Student: 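Structure incoming, see below.
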Amino acid sequence: MVQKDGSVLWTLNPKPPDPGPNPKTGNKKTNKAVDKMVRVRFAPSPTGYLHIGGARTALFNYLFARHNNGKFILRIEDTDQERSTKESEAEILEALKWLGLDWDEGPGKSADDSMYYQTKRLPVYHKHIESLLASGKAYKCFCTKDELDAKRKAAESAKTGFKYDGTCAHLTPEQVKAKEDAKLPYTVRLKIPKDGETVVSDLVRGEVKVANATLDDIIIMRADGMPIYNFVVVVDDADMGITHVIRGEDHLSNTPKQIHIYNALGIPLPQFAHIPLILGADKSKLSKRHGEVSVLRYRDNGYLPQSVVNYLALLGWSPESEDTVFTMEQLIKIFSLERVHKSGAVFDNSKMMYINGVNIRSMQADELTGMCMPFLLKSGLVTEEQSKSDYEKIKHIVLLQQEKMKTLAELPELSAYFFRDEITMTDEAKKVWEKNSAERGRVLEVLKKIIEETGTDKAKVEERIRIDMEAAGLKSKVFMHVIRVTLSGTTMGPGLFDMIETLGREKCLARIAKAGA
RNA sequence: GCCGCUAUCGUCUAACGGUUAGGACACGGGGUUCUCAAUCCUGUAAUCAGAGUUCGAUUCUCUGUAGCGGUGCCA
């Protein structure tokens with residue numbers, strides 16, 4: 001429990017938060033929530049990068065907290081020591097910060113943040129496990145992994161569901177004593193009632209009922225002494241005073257088990273809200289095999305954080321209005337769990353790309369230029385030094401391309417001919433070049449003369465080109481296109497006279513010469 | 001196998017039990033334009049199936065089907 005002075009208390013909160021509306025009657029329509037301070041958490045395990053699905057869960061928690069003036073807490077679930085790494089933790093934090101999902105409590109937010117790392121709270125968990133053991137609500141299980149695997153396999157091949165048979169639940173005290181004396185390794189299992197049913201009252205799904213008979217005596221502590229997720233999540237949520245557990249639907253099936261842990265520990269339940277999963281194109285849970293799922297890769301691919309946030313918010317939730325583009329502030333204002341819906345959503349980034357384009361177009365010149373710079377540097381088009389000395393010129397180019405970009409990463413390719421000396425013609429451009437083979441010589445001749453005589457000032461060049469080309473009997477469609485491919489090597493780009501001006505006299509003349517005028 | 005969740009255009013979604021089932025993205029057509037983009041107009045496109053309740057069902061109930069999730073000494 002975090003104290004007012006920021007220090008951390010190590011024991012289970014003796015007086016946990018109000019559980020909210022009566023689970024019997026509380027459903028998503030009647031839940032007017034939140035008379036208590038809302039406290040929610042995002043609890044990633046540092047076993048990889050932050051992926052799109054995790055980010056969406058974090059976002060919903062964040063929006064719900066901010067909307068209700070509550071607290072958003074970050075906790076690192078690192079009890080899987082095999083797979084947890086500091087690198088992935090760092091990457092997850094970086095991704096959350098990039099998205100703008102800043103947490104109120106968690107790593108880096110207080111002098112002692114050990115409360116937010118589960119591996120640093122082992123004594124707390126052990127204390128609770130001891131007390132469950134002492135009260136007979138849990139028992140030691142001496143079955144080995146191999147034995148259990150064998151039984152599970154047998155059950156599978158017999159096409160029946162595997163359920164722990166309770167072998168060790170029926171051990172006599174003498175038998176237990178003997179095994180303890182023999183120093184046999186053991187796990188700890190929670191006793192779960194064999195009859196009755198458990199009801200999960202969910203803010204998104206209403207009441208979900210499960211017969212206790214279908215539940216196992218779940219393991220809450222491994223043989224090596226490390227407690228299991230389902231157990232620590234309950235203890236931690238209670239200690240942190242979490243009022244609303246908002247997480248992916250993949251946790252729904254675990255919730256009845258967790259409810260039994262809450263009950264065994266004597267802790268009131270928080271509100272649950274299980275949000276729909278994000279799916280790949282094949283409708284299974286989004287994962288690496290569906291392509292890019294790392295949040296930070298979207299940053300590297302030229303998406304703005306507000307675009308990712310905006311798109312993610314629209315997956316599984318919808319605003320009352322028919323708008324699609326929102327800032328984080330607007331989302332905070334209008335977000336509610338009531339409008340979260342139940343079915344999974346396929347991730348398809350064409351809409352995110354659209355949103356990104358809208359956001360890019362609405363950016364201010366200097367901000368946009370600053371965000372584009374890393375992409376120009378990475379492409380090699382611009383050196384570190386030029387990024388400063390040629391800043392105004394670069395900004396000008398960025399502005400010319402602003403309305404064409406869907407992602408920042410497209411800028412270098414779109415603009416290469418402004419920076420490089422050499423250009424190559426695209427296939428499309430070659431077609432234009434060939435198509436106008438009869439006139440192109442004359443076009444370039446006139447153009448050369450104009451640039452030599454008047455330079456590349458946009459207004460002056462435009463005026464002379466229009467007059468002189470006309471005088472030479474050339475149609476605008478023809479000379480415009482020929483000039484464009486000659487100067488840029490492509491058929492697409494900004495306005496022709498903007499292009500000439502930005503290219504400058506030298507590049508223009510060199511390219512005219514190269515084209516053989 | 002068992003348990004649970006879910007089901008509206010290709011995708012994201014909206015719709016007090018009464019709407020020509022709406023919007024957005026994507027896609028097609030057109031206007032504008034020196035190209036591309038942007039923008040404007042416009043078109044194609046959906047209630048999983050079957051019963052039941054009801055004057056009336058996308059909406060409520062049941063059954064089926066399908067998909068997904070869980071069923072770990074993972075989280």
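This is a predicted model, so every value here is computed, not measured. Protein chains get the first letters and strands the later ones, always in sequence-line order, with residue 1 at the start of each.
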Student: So what's B:G67 paired with, Watson-Crick or G-U wobble, going by both distances under 3.5 Å?
Tutor: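 Paired with B:G67, as far as the under-3.5 Å criterion goes, is B:C5.
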Student: Indicate yes or no: does A:Glu147 engage A:Lys145 in a salt bridge with an N to O separation below 4.0 Å.
Tutor: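 Looking at A:Glu147 and A:Lys145, the cut-off is not met.
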Student: Could you check, using the six-membered ring where one of them is a Trp, whether A:Phe60 and A:His244 have ring centers closer than 6.0 angstrom?
Tutor: no
Student: For the residue pair A:His274 and A:Arg205, confirm or rule out a side-chain donor-acceptor distance under 3.5 Å.
Tutor: no
Student: For the pair A:Lys151 and A:Asp146, find out whether any cationic side-chain nitrogen is under 4.0 Å from an anionic carboxylate oxygen.
Tutor: no
Student: Scan side-chain atoms only and decide if A:Asn359 and A:Gln306 contain a donor-acceptor pair under the 3.5 Å cut-off.
Tutor: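 Checked: A:Asn359/A:Gln306 side chains show no N/O donor-acceptor pair below 3.5 Å.
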Student: Let me know, please, whether A:Gly316 or A:Met226 comes out on the 5' side of the other along RNA chain B by nearest nucleotide.
Tutor: A:Gly316
Student: When all nucleic acid strands are considered with a 4.0 Å heavy-atom cut-off, which category describes A:Thr324: base, sugar-phosphate, or nothing?
Tutor: sugar-phosphate
Student: Which part of the nucleic acid, if any, lies within contact of A:Lys145, taking any heavy atom under 4.0 Å across all strands shown: a base, the sugar-phosphate backbone alone, or nothing?
Tutor: base
Student: If B:G43 has a Watson-Crick or G-U wobble mate with both distances under 3.5 Å, name it; if not, just say none.
Tutor: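 Paired with B:C27.
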Student: Which is the 5'-most and which the 3'-most nucleotide of RNA chain B that has an atom under 4.0 Å from a heavy atom of chain A?
Tutor: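 With heavy atoms of chain A under 4.0 Å away, the range is B:G1 to B:A75.
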Student: Within the structure shown, what part of the strands sits under 4.0 Å from A:Ser45 by heavy-atom distance: base, sugar-phosphate, or nothing?
Tutor: sugar-phosphate
Student: How long is the straight-line distance from CZ of A:Arg56 back to CG of A:Leu50, given to the nearest 0.5 Å?
Tutor: 12.5 Å
Student: Report which part of the nucleic acid A:Arg75 touches: base, sugar-phosphate, or nothing (heavy-atom distance under 4.0 Å, all strands).
Tutor: nothing
Student: Hey, does A:Phe162 reach any base, or is it just sugar-phosphate, or nothing, if we go heavy atoms under 4.0 Å?
Tutor: base
Student: Quick one, which residues of residues 398-420 of chain A touch RNA chain B with a heavy atom under 4.0 Å?
Tutor: A:Glu403, A:Lys404, A:Lys406
Student: Taking the same atom, P, in B:U44 and in B:C36, what whole-Å distance lies between them?
Tutor: 26 Å
Student: Considering every strand and a 4.0 Å limit on heavy-atom distances, what is the contact class for A:Asp224: base, sugar-phosphate, or nothing?
Tutor: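 No contact.
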Student: Expressed as a whole number of Å, how far does the P atom of B:G70 sit from that of B:U61?
Tutor: 26 Å
Student: Verify the ring-centre separation between A:Tyr311 and A:Phe347: is it less than 6.0 angstrom?
Tutor: yes
Student: So, A:Asn301 versus A:Glu292: side-chain donor-acceptor pair below 3.5 Å or not?
Tutor: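 A:Glu292 and A:Asn301 do not have a side-chain donor-acceptor pair below 3.5 Å.
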Student: Between B:A57 and B:A38, how far apart are the C1' atoms? Round to whole Å, please.
Tutor: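 Those two atoms are separated by 44 Å.
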Student: Which whole number of Å gives the distance between the P atom of B:C34 and that of B:G28?
Tutor: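 Approximately 24 Å lies between the P atom of B:C34 and that of B:G28.
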Student: Calculate, to the nearest 0.5 Å, the distance between atoms SG and CD1 belonging to A:Cys508 and A:Ile450 respectively.
Tutor: 11.5 Å
Student: Can a side-chain donor-acceptor contact be found between A:Glu89 and A:Tyr117 if the only test is distance below 3.5 angstrom?
Tutor: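 Checked: A:Tyr117/A:Glu89 side chains pair up, N/O donor to acceptor below 3.5 Å.
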Student: Students often get this wrong, so: under 4.0 angstrom with heavy atoms, is A:Ala223 touching a base, only sugar-phosphate, or nothing?
Tutor: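 Answer is base: heavy atoms of A:Ala223 come under 4.0 Å of a base.
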Student: Using Watson-Crick or G-U wobble geometry with both distances below 3.5 Å, tell me the partner of B:G17, or none.
Tutor: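 The answer is none; no pair meets the criterion.
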Student: Just name whichever nucleotide pairs with B:U53, Watson-Crick or G-U, keeping both distances under 3.5 Å, else none.
Tutor: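 B:U53 is paired with nothing.
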Student: With a 4.5 Å heavy-atom cut-off, do A:Ile228 and A:Arg222 have their side chains touching?
Tutor: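 Yes, at least one pair of side-chain atoms sits under 4.5 Å.
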Student: So what does A:Thr187 hit on the nucleic acid, given a heavy-atom distance under 4.0 Å: a base, only sugar-phosphate, or nothing?
Tutor: base
Student: Using a 4.0 Å heavy-atom cut-off across all strands, classify A:His274 as base, sugar-phosphate, or nothing.
Tutor: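 The answer is nothing, as A:His274 stays clear of every strand by at least 4.0 Å.
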Student: Using a cut-off of 4.0 Å on non-hydrogen atoms, how would the nucleic acid contact of A:Leu277 be classed: base, sugar-phosphate, or nothing?
Tutor: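 Sugar-phosphate contact only - A:Leu277 comes under 4.0 Å of backbone atoms but never of a base.
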Student: Using the P atom on both, measure B:C41 against B:G4 and round to a whole Å.
Tutor: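 Nearest-Å result for B:C41 against B:G4 at atom P: 50 Å.
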Student: Using the C1' atom on both, measure B:C55 against B:G22 and round to a whole Å.
Tutor: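 Pairwise C1' distance, B:C55 against B:G22, rounds to 26 Å.
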Student: Going by heavy atoms closer than 4.0 Å, what residues in residues 77-92 of chain A are next to RNA chain B?
Tutor: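 Residues of residues 77-92 of chain A that come under 4.0 Å of RNA chain B are, in numerical order, A:Glu77, A:Thr79, A:Asp80, A:Arg83.
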Student: Using a heavy-atom cut-off of under 4.0 Å over every strand shown, decide if A:Tyr229 touches base, sugar-phosphate, or nothing.
Tutor: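 A:Tyr229: base contact, heavy atoms under 4.0 Å.
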Student: If the C1' atom of B:U47 is compared with that of B:U59, how far apart are they to the nearest Å?
Tutor: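 Approximately 10 Å lies between the C1' atom of B:U47 and that of B:U59.
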Student: With a 4.0 Å cut-off on N to O distance, would you call A:Lys257 and A:Asp216 a salt bridge?
Tutor: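 Salt bridge absent between A:Lys257 and A:Asp216.
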Student: Taking B:G23 as the reference, what is the distance to B:A14 when you measure between their P atoms (whole Å, please)?
Tutor: 15 Å
Student: Check every strand shown and say whether A:Leu496 touches a base, only sugar-phosphate, or nothing at a heavy-atom separation below 4.0 Å.
Tutor: base
Student: Is the shortest distance from a Lys or Arg side-chain nitrogen in A:Lys120 or A:Asp78 to a carboxylate oxygen in the other one below 4.0 Å?
Tutor: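 Result for this pair is no, no salt bridge flagged.
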Student: Counting only Watson-Crick or G-U wobble pairs whose two distances fall under 3.5 Å, which nucleotide matches B:U59?
Tutor: none
Student: Just to verify, which of A:Lys406, A:Met405, A:Lys404 counts as forming a side-chain contact (heavy atoms from CB on, under 4.5 Å) with A:Ile360?
Tutor: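 In the set A:Lys406, A:Met405, A:Lys404, the residue that makes a side-chain contact (heavy atoms from CB on, under 4.5 Å) with A:Ile360 is A:Met405.
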